[in-house]
Amino acid sequence: MTQTHEFASQAWLQALCDLIDKKVADSGVDLRGVDYVFGEEFVDVPPRLLPAGAERVGWVVRVRDGVVTSAVELPPADADSNNIADWETVEPLAHHVFGADTARDAEVGTLAAQLEADGKLERIVRTPMPPQLRDALGGMHWLHNAVVAMTSPRQG
């Protein structure tokens, strides 16, 4: 059974990084020549989930000529792709499994668009993700669904 952690907790962030590292390593996809940085950060995180002195939390993946590293830290300001999300409003989305219910998938898509319009979710894409990296990750819905499996119910 997969160990679960509360959304955006330090243990959850580390488990997400570990998941990405393993998926890419096991993919067999050649990432030589790929240079790409992506991640996600969460604002207005409940204090119980914040490290001492932090105001937000995040994760980042760096690919430099095929070498992949991940870290529990905020993505750099010049990341190729970064999502900045309000914890409270996106936490319910952390439990949605894509592909299980197409009607709910559509609702989640509409909700995400509304969150963007309301300024609660910002998707910054300076450079589209290279296809090889997307392949190594098994697609973004695979990644999201794998993360859902390790996300426990809200604790507080």
Side-chain angles (χ1 to χ4, degrees), residues 5-25 27 29 31-99 105 107-152 154:
H5 311 281
E6 188 173 5
F7 174 66
S9 67
Q10 293 300 289
W12 183 90
L13 293 163
Q14 185 59 59
L16 181 139
C17 287
D18 295 346
L19 176 72
I20 291 171
D21 290 345
K22 181 172 180 8
K23 181 67 173 177
V24 172
S27 74
V29 174
L31 294 175
R32 286 178 294 188
V34 173
D35 288 318
Y36 197 79
V37 178
F38 70 103
E40 194 165 40
E41 56 190 279
F42 303 100
V43 299
D44 295 327
V45 177
R48 71 181 181 280
L49 301 176
L50 291 171
E55 294 181 5
R56 52 180 62 197
V57 296
W59 58 270
V60 64
V61 174
R62 292 175 176 86
V63 183
R64 293 290 181 240
D65 195 25
V67 176
V68 179
T69 59
S70 65
V72 175
E73 62 186 48
L74 298 175
D78 64 348
D80 294 294
S81 174
N82 184 22
N83 289 339
I84 303 171
D86 176 77
W87 186 93
E88 184 69 35
T89 56
V90 299
E91 190 274 339
L93 302 180
H95 305 281
H96 172 71
V97 176
F98 282 98
D105 289 350
E107 290 173 10
V108 168
T110 300
L111 177 57
Q114 186 60 52
L115 292 175
E116 285 186 80
D118 293 344
K120 299 289 186 176
L121 171 62
E122 183 179 6
R123 298 179 197 200
I124 302 165
V125 180
R126 291 180 180 82
T127 308
M129 184 176 283
Q132 319 84 296
L133 181 54
R134 187 173 296 276
D135 290 348
L137 291 169
M140 296 315 284
H141 280 167
W142 177 91
L143 178 59
H144 175 86
N145 289 348
V147 171
V148 169
M150 62 177 215
T151 304
S152 66
R154 189 178 192 157

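When reading the values below, keep in mind they use all heavy atoms of this one structure, side chains included, and skip hydrogens, waters and symmetry mates.
Aromatic ring orientation, Phe98 versus His141: parallel (interplanar angle below 30°, classes split at 30° and 60°).
Annotation: side chain to side chain donor-acceptor pair (under 3.5 Å) contacts involving residues 11-20, sequence neighbours excluded, comprise Trp12-Thr151, Gln14-Asp18. Applying the side chain to side chain donor-acceptor pair (under 3.5 Å) test to residues at least two apart or on different chains, the pairs with a partner in residues 51-78 are Asp21-Ser70, Glu40-Trp59, Glu41-Arg56, Arg62-Glu73.
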Item checked: Steps toward side chain to side chain contact (heavy atoms under 4.5 Å, CB included) verdict (Asp105, His96) -> CA-CA 8 Å; Asp105 289 350; His96 172 71; 2.7 Å; yes
Q: Decide side chain to side chain contact (heavy atoms under 4.5 Å, CB included) for Lys22 and Leu19; before the verdict, give the C-alpha distance in whole Å, the side-chain angles of both, and the deciding distance to 0.1 Å.
A: CA-CA 5 Å; Lys22 181 172 180 8; Leu19 176 72; over 6 Å; no
Run Phe38 and Asp80 through side chain to side chain contact (heavy atoms under 4.5 Å, CB included) and show every step you take. CA-CA 6 Å; Phe38 70 103; Asp80 294 294; 5.8 Å; no
Under the criterion side chain to side chain contact (heavy atoms under 4.5 Å, CB included), I'd like the reasoning laid out for Asp135 against Ser27: C-alpha separation, chi angles, the key distance, then a yes or no. CA-CA 8 Å; Asp135 290 348; Ser27 74; over 6 Å; no
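Remark: Arg48 CZ is packed, more than 12 non-hydrogen atoms of other residues, nucleotides or ligands lying under 6.0 Å away.
For the pair Leu121 and Ala85, the tightest heavy-atom approach, listed with the atom from each and the gap, is CD1-CB, 3.9 Å. Between Glu6 and Ser152, the shortest heavy-atom distance links the atoms N-OG, 3.1 Å. Contact between Val60 and Pro76 at its shortest, heavy atoms only, is CG2-CD, 3.9 Å. Taking every heavy atom of both residues into account, Asn82 and Gly39 meet most closely at OD1-O, 3.2 Å. For the residue pair Arg154 and Glu91, the shortest heavy atom distance occurs at CB-OE2, 3.7 Å. Listed here is the closest heavy atom pair of Val57 and Ala8: CG2-O, 3.6 Å.
Between the Asn83 side chain and the Arg123 main chain, no donor and acceptor come within less than 3.5 Å of each other. Distance alone, capped at 3.5 Å, is enough to place a donor-acceptor pair between the Arg126 side chain and the Ala79 backbone.
Screening Val148, Leu49, Val90 for a side chain to side chain contact (heavy atoms under 4.5 Å, CB included) with Phe7, the sole residue that qualifies is Val90.
Separation of atoms NZ (Lys120) and CG (Leu111) is listed at 12.0 Å; rounding is to 0.5 Å. Atom CD of residue Gln132 and atom OH of residue Tyr36 lie 11.5 Å apart, to the nearest 0.5 angstrom. Within the model, atoms CZ of Phe42 and CG of Asp86 stand 10.5 Å from one another, a figure rounded to the nearest 0.5 Å.
The shortest distance between side-chain heavy atoms of Val37 and Pro75 does not fall below 4.5 Å. For the pair Val61 and Leu137, the minimum side-chain heavy-atom distance is 4.5 Å or more.
Partners of His95 under the ring-ring contact (aromatic ring centres under 6.0 Å, His included) rule, at least two apart in sequence or in another chain, do not exist in this structure.
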